[in-house]
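Hydrogens, waters and symmetry mates play no part in the numbers below; they use all other heavy atoms, side chains included. Atoms within each ligand, like the ligands themselves, are counted from 1 in listed order.
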Amino acid sequence: MPDTWEALERECQNCRACPLGGGRQHLVFGDGCRTAEILLIGEGPGQREDEQGLPFVGPAGKLLDDMMELIGLDRSKVYIANIVKCRPPRNRDPMNTEQAACLPWLRRQTALLRPKMIVCLGRIAAQVVIKPDFRITKEHGQWTQRAGVWMTAIYHPSALLRDVYKRPETFVDLKAIQAKAREICTHTELVTP
Ligand code: SF4
Ligand code: URA
């Protein structure tokens, strides 16, 4: 039986496949449009996300919303998920074992969505999704195509909050994402600004 979004989310909500499950207030499954052509992938929930059960609702999320708005996108036009669905303690990086335990959920989400484009937010997502030795400082904004899906990575919005000097490069990357979306996405609402 192929997954449905509802069944997948219900199953995921009960997950205890790694120790992060023991510390969560809320599991953060994902948010946005379940027929979107663009998938954004972050790292894992922070405090606000753990409290609310939604991805990117804290300060980094506000910046992410602003970044999307710059290129005519919002949560009705993309789907947003994370590498790990439960918050790592004190926002430490998710461990490799935790990432591996959680990855099947993201794979099943990706199989349901069948995105045309995947945008990794930050190093961790890029290393899981694009390649293990991905160097975010050198390789952000570069594109690769795999199994018909275009993939790129940009700096994580949290990194852009800490280091405003990374923002001009990210603006260039965002404009390239917009151009690629205009080229390959068929949902007409993308072709605005
Ligand atoms: Fe399951 Fe992922 Fe949560 Fe670990 S982080 S308990 S694998 S949903
Ligand atoms: N940072 C992430 O990587 N994901 C979230 O959902 C929130 C902050």
Is there a polar contact between ligand 2 and Ser158, counting only N or O atoms under 3.5 Å apart?
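N/O-N/O distance below 3.5 Å does not exist for this pair.
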Looking only at non-hydrogen atoms, the one of Gly46, Pro59, Gly44 nearest atom 5 (C) of ligand 2 is Gly44
Heavy-atom proximity to atom 1 (N) of ligand 2 ranks first, among His156, Gln47, Lys85, Arg87, for His156
Here the atoms of ligand 2 under 4.0 Å from any heavy atom belonging to Glu43 are 2 (C), 3 (O)
- Message: Quick check on contacts: which atoms of ligand 2 are under 4.0 angstrom from a heavy atom of Gly42?
- Response: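 Result: 3 (O).
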ask   = So is Val28 in contact with ligand 2, going by heavy-atom distances below 4.0 Å?
value =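 No, Val28 has no heavy atom closer than 4.0 Å to ligand 2.
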Can you tell me if [X] uses its side chain to pair, donor with acceptor, with the backbone of [Y] under 3.5 Å?
X: Arg123; Y: Phe134; result: no
X: Glu9; Y: Glu6; result: no
X: Asp50; Y: Gln25; result: yes
X: Glu139; Y: Arg135; result: yes
X: Arg146; Y: Ile130; result: yes

Protein heavy atom at shortest distance from atom 4 (N) of ligand 2
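Looking only at protein heavy atoms, the one closest to atom 4 (N) of ligand 2 is Asn82 OD1, 2.8 Å.
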the protein heavy atom lying closest to atom 8 (C) of ligand 2 turns out to be Phe56 CE2, 3.7 Å
One finds that the ligand 1 atoms under 4.0 Å from a non-hydrogen atom of Arg24 are 3 (Fe), 6 (S)
- prompt: In ligand 1, which numbered atoms sit nearer than 4.0 Å to a non-hydrogen atom of Leu27?
  reply: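 Reading through ligand 1 atom by atom, the close ones are 8 (S).
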NZ/Lys62: more than 12 non-hydrogen atoms of other groups inside 6.0 Å: no
Margin query: Quick one, Val128 with Gln99, criterion side chain to side chain contact (heavy atoms under 4.5 Å, CB included). Give me CA distance, side-chain angles, the key distance, then yes/no.
Written below: CA-CA 8 Å; Val128 171; Gln99 296 174 25; 3.1 Å; yes
Worksheet item: Is it the side chain, the backbone, both or neither of Pro55 that has a heavy atom closer than 4.0 Å to ligand 2?
Response: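 Answer for Pro55: both.
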Considering only distance and modelled atom types, tabulate donor-acceptor pairs under 3.5 Å from the side chains of residues 148-157, sequence neighbours left out.
from: Thr152; atom 1: OG1; to: Gln142; atom 2: O; distance (Å): 2.8
from: His156; atom 1: ND1; to: Ser158; atom 2: N; distance (Å): 2.9
from: His156; atom 1: ND1; to: Ser158; atom 2: OG; distance (Å): 3.2

If you count every protein N, O or S atom closer than 2.8 Å to atom 4 (Fe) of ligand 1, you should arrive at 1
Do [X] and [Y] have a side chain donor and acceptor closer than 3.5 Å?
X: Gln52; Y: His26; answer: no
X: Arg87; Y: Asn91; answer: yes
X: Gln109; Y: Lys85; answer: yes

